[in-house]
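From a predicted model like this one, the values you see are computed outputs, not experimental measurements. Note on naming: letters A, B, ... go to the chains in the order of the sequence lines (proteins, then strands), and numbering restarts at 1 for each one.
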Protein chains: 2
Amino acid sequence: MRKPTIQDVARRAGVGVGTVSRVLNNHTAVKGATRETVLKAIADLDYTPNPHARRIAGGKSYTISVLLPVVTTEFYVRLLDGLETAFQEARYDVAIFPLLDRSRLERYLGSHTLAYQADGLVMATYNLTALLSERRVRAQQPTVLVDAFATNVDCAYMDNVTGGRLAGEYAATLPGELYAIWVETELDQLFTTRVFEERRSGFLGALGAAGRTLRAEFTASFDALAARNAAVTLLDGAQLPCTVFASADLLAGALLDEARLRGLTPGQDVRVIGFDDQPWAAARGLTTLHQPVEQMGYEAAHLLLSRLGGFRGPPRARRFEPRLIVRDTA
Amino acid sequence: MRKPTIQDVARRAGVGVGTVSRVLNNHTAVKGATRETVLKAIADLDYTPNPHARRIAGGKSYTISVLLPVVTTEFYVRLLDGLETAFQEARYDVAIFPLLDRSRLERYLGSHTLAYQADGLVMATYNLTALLSERRVRAQQPTVLVDAFATNVDCAYMDNVTGGRLAGEYAATLPGELYAIWVETELDQLFTTRVFEERRSGFLGALGAAGRTLRAEFTASFDALAARNAAVTLLDGAQLPCTVFASADLLAGALLDEARLRGLTPGQDVRVIGFDDQPWAAARGLTTLHQPVEQMGYEAAHLLLSRLGGFRGPPRARRFEPRLIVRDTA
DNA sequence: TTGTATGCGTTATCAG
DNA sequence: CTGATAACGCATACAA
């Protein structure tokens, strides 16, 4: 059985297709009674408009493309949650285009694949300023950056400098030596994220302002093994009691493990401040920085929606701040 | 500047739109020379066909929807890689629709959103047999299940029973006591995955066949903290030397950590067999089961493509087997 | 307030 | 082998 079309609905409701289209799109100018009739016909037939036809006729497909790095991290799940919630409320569908690698990015941007045919585009995390200024993206459809900052398009970003500063200000009040573990950034220019540099600069700035210095810094790539190695190295040479700022909860968790193995008491011998507030952080009593990731996604979606609604103003930037959550470990 | 249409191409090439459409779709009946002219015009204009118009006119949009659980796991990255590769080779676009929670699933299946309007549908992991038999999915468009088994639609699945059996057969040859750590399954019926039950049944079956038994079993949810707790509990009561089958590398990694902290030598005092072959497994010398995930995705894509190509046969099931990789830890 | 006609970009049909 | 032209399902300008 064929899917019902707007024609079927019109026929059944005894009205013209124009009227059906109007109630579909809330074009106010429809009498209450006929509106009801149409709505009933729609319900009876279980009719849903064909988005392809909509797109081709009206220029809108009610679809948003999200270019998302496929990083197996809680962060992106939460970001997606915020984005999806907002778009769903506005009755937009969102399709994810996973950026598995650089070649995929090129393909999505270069060719005019489906990603490119949506009403709007959300790009997450990458530093695409160069591409944007070449207007390989700009010209085509409304775009918003999320978890990234730019001056030439709307964006919603996390202020990691402030996050680092909050950690630094708090750490400066604690007794004993100060240490830090940073996450190494990646190599590829395009795929580089500067969040860790930013956390570092905020942290060091706060320490400086408080007249304190780091006794030593360590570095680890973002994986469990490297995290553990860094924890071992740090504790082997650490002067206790001490405070450690681990710029990601993954690092903090490994440090907690290692401390426990050495019979050290977190929050006493070793104070630990993490960053991310992972789901397990509360259970382990980890003092850390919570990021309003969902809100950032939600707001990014609304920036885009306002553009789709016709907003024409200059690029807007929305800043989000991490929040220090003090628990047992520091 | 407007996107070029098939009209623009036709005009520039000095041919009719019908001819352009023919070269676009490889409708053979085009003379070599005109074909070249058209191709050149397409390249000059950087023309790409509008999938929406394609869909509405010819019933095909060359777009595939993938319904994917948003789980922060290497597994899905690899799966996506396999799927994307195959579809790209066939010149299909793929859009991912993230299944953040059950309500989203309902929405994608129930309403006729874009996800539902693609030429084909790939559903990953969930046990959708019920939904499928209600033909809430079946009727609409060609569908393939990946990382899930069903008899009423095409599917490509991982044989976790065999994986467990391979682990069991190998473990049975090792000296000392035998232990295992399993992953707890989730609560929601629909979102439940049976992979861990399957690994368990395969493992226990192999042990039974070899006349050996487990001295104790442990359970952990799928997170770092639970993994560590399980490792601690196990080693606290373990009789050494022993062999432990950890039904996920995450668990195996935690066990390795804990063993090291206690000064035990993996592969000697404690033999460890993991499951997944995570990226770090080789570096840590973890004996584990490797799953051909990319191949599974690739094959699933081809099952769907054959349907799109007109294949009408009965549902096909493709089985994939994990492979035991013996390294240092066991 | 509502119906009708036209156009959107493409494929398919049918002459030529 | 190729060029018109009619659909496809919908939105919208225009007329009533």
Side-chain angles (χ1 to χ4, degrees), chain A residues 1-39 41-42 45-63 91 112-114 116-119 308 310, chain B residues 1-39 41-42 45-63 91 93 112-114 116-119 308:
Chain A
M1 213 196 66
R2 221 179 77 268
K3 268 199 70 177
T5 74
I6 198 170
Q7 308 275 358
D8 301 322
V9 176
R11 197 158 23 227
R12 185 179 180 103
V15 301
V17 291
T19 304
V20 178
S21 180
R22 273 168 219 127
V23 341
L24 245 31
N25 299 285
N26 291 317
H27 268 231
T28 49
V30 181
K31 195 164 58 180
T34 40
R35 176 187 203 74
E36 294 310 317
T37 323
V38 171
L39 254 21
I42 289 177
L45 266 41
D46 189 27
Y47 164 79
T48 44
N50 180 326
H52 301 288
R54 272 187 136 167
R55 169 72 179 177
I56 190 181
K60 278 182 288 186
S61 61
Y62 296 94
T63 300
R91 316 207 54 192
H112 302 193
T113 57
L114 188 78
Y116 232 52
Q117 310 266 0
D119 294 347
L308 296 175
Chain B
M1 214 197 67
R2 221 180 76 267
K3 270 199 70 177
T5 74
I6 198 171
Q7 308 276 357
D8 301 322
V9 176
R11 197 158 21 227
R12 185 178 181 101
V15 302
V17 290
T19 304
V20 178
S21 180
R22 273 170 219 126
V23 343
L24 245 30
N25 299 285
N26 292 318
H27 268 228
T28 48
V30 181
K31 195 164 59 179
T34 40
R35 176 186 202 76
E36 293 310 316
T37 322
V38 171
L39 253 21
I42 290 178
L45 266 41
D46 191 25
Y47 164 81
T48 44
N50 179 327
H52 303 289
R54 275 187 137 168
R55 175 75 183 179
I56 190 183
K60 279 181 288 187
S61 60
Y62 297 93
T63 299
R91 315 208 53 191
D93 265 341
H112 301 193
T113 58
L114 187 83
Y116 226 54
Q117 310 269 355
D119 295 349
L308 295 175

Sugar-phosphate, base or nothing in reach of B:Tyr47, heavy atoms under 4.0 Å: sugar-phosphate
Any A:Thr19 side-chain N or O less than 4.0 Å from OP1/OP2 of C:dG3: yes
Distance in angstrom units between B:Ile6 CD1 and C:dG9 C1', rounded: 8 Å
Nucleotide nearest A:Ala57 (side chain, heavy atoms from C-beta), chosen from C:dG3, C:dC8, D:dA7: C:dC8
Sugar-phosphate, base or nothing in reach of A:Gly14, heavy atoms under 4.0 Å: sugar-phosphate
N or O in side chain of A:Thr34 less than 4.0 angstrom from C:dT2 OP1/OP2: yes
Minimum-distance nucleotide (side-chain atoms of A:Lys31 versus C:dT10, C:dC8, C:dT1): C:dT1
Selection from C:dA5, C:dT1, D:dT2 that lies nearest to any side-chain heavy atom of A:Val17: C:dA5
Position toward the 5' end of DNA chain D (nearest nucleotide), A:Ser21 or B:Ala53: B:Ala53
B:Asn25 side-chain N/O to C:dT11 phosphate OP1/OP2 under 4.0 Å: yes
N or O in side chain of A:Arg54 less than 4.0 angstrom from D:dC10 OP1/OP2: no
Proximal nucleotide (of D:dC10, C:dT11, C:dT2) relative to the A:Asn50 side chain: D:dC10
Candidate nucleotides D:dG9, C:dT10, D:dT2, ranked by approach to the side chain of B:Arg22 - the nearest: D:dT2
Sugar-phosphate, base or nothing in reach of B:Val15, heavy atoms under 4.0 Å: sugar-phosphate
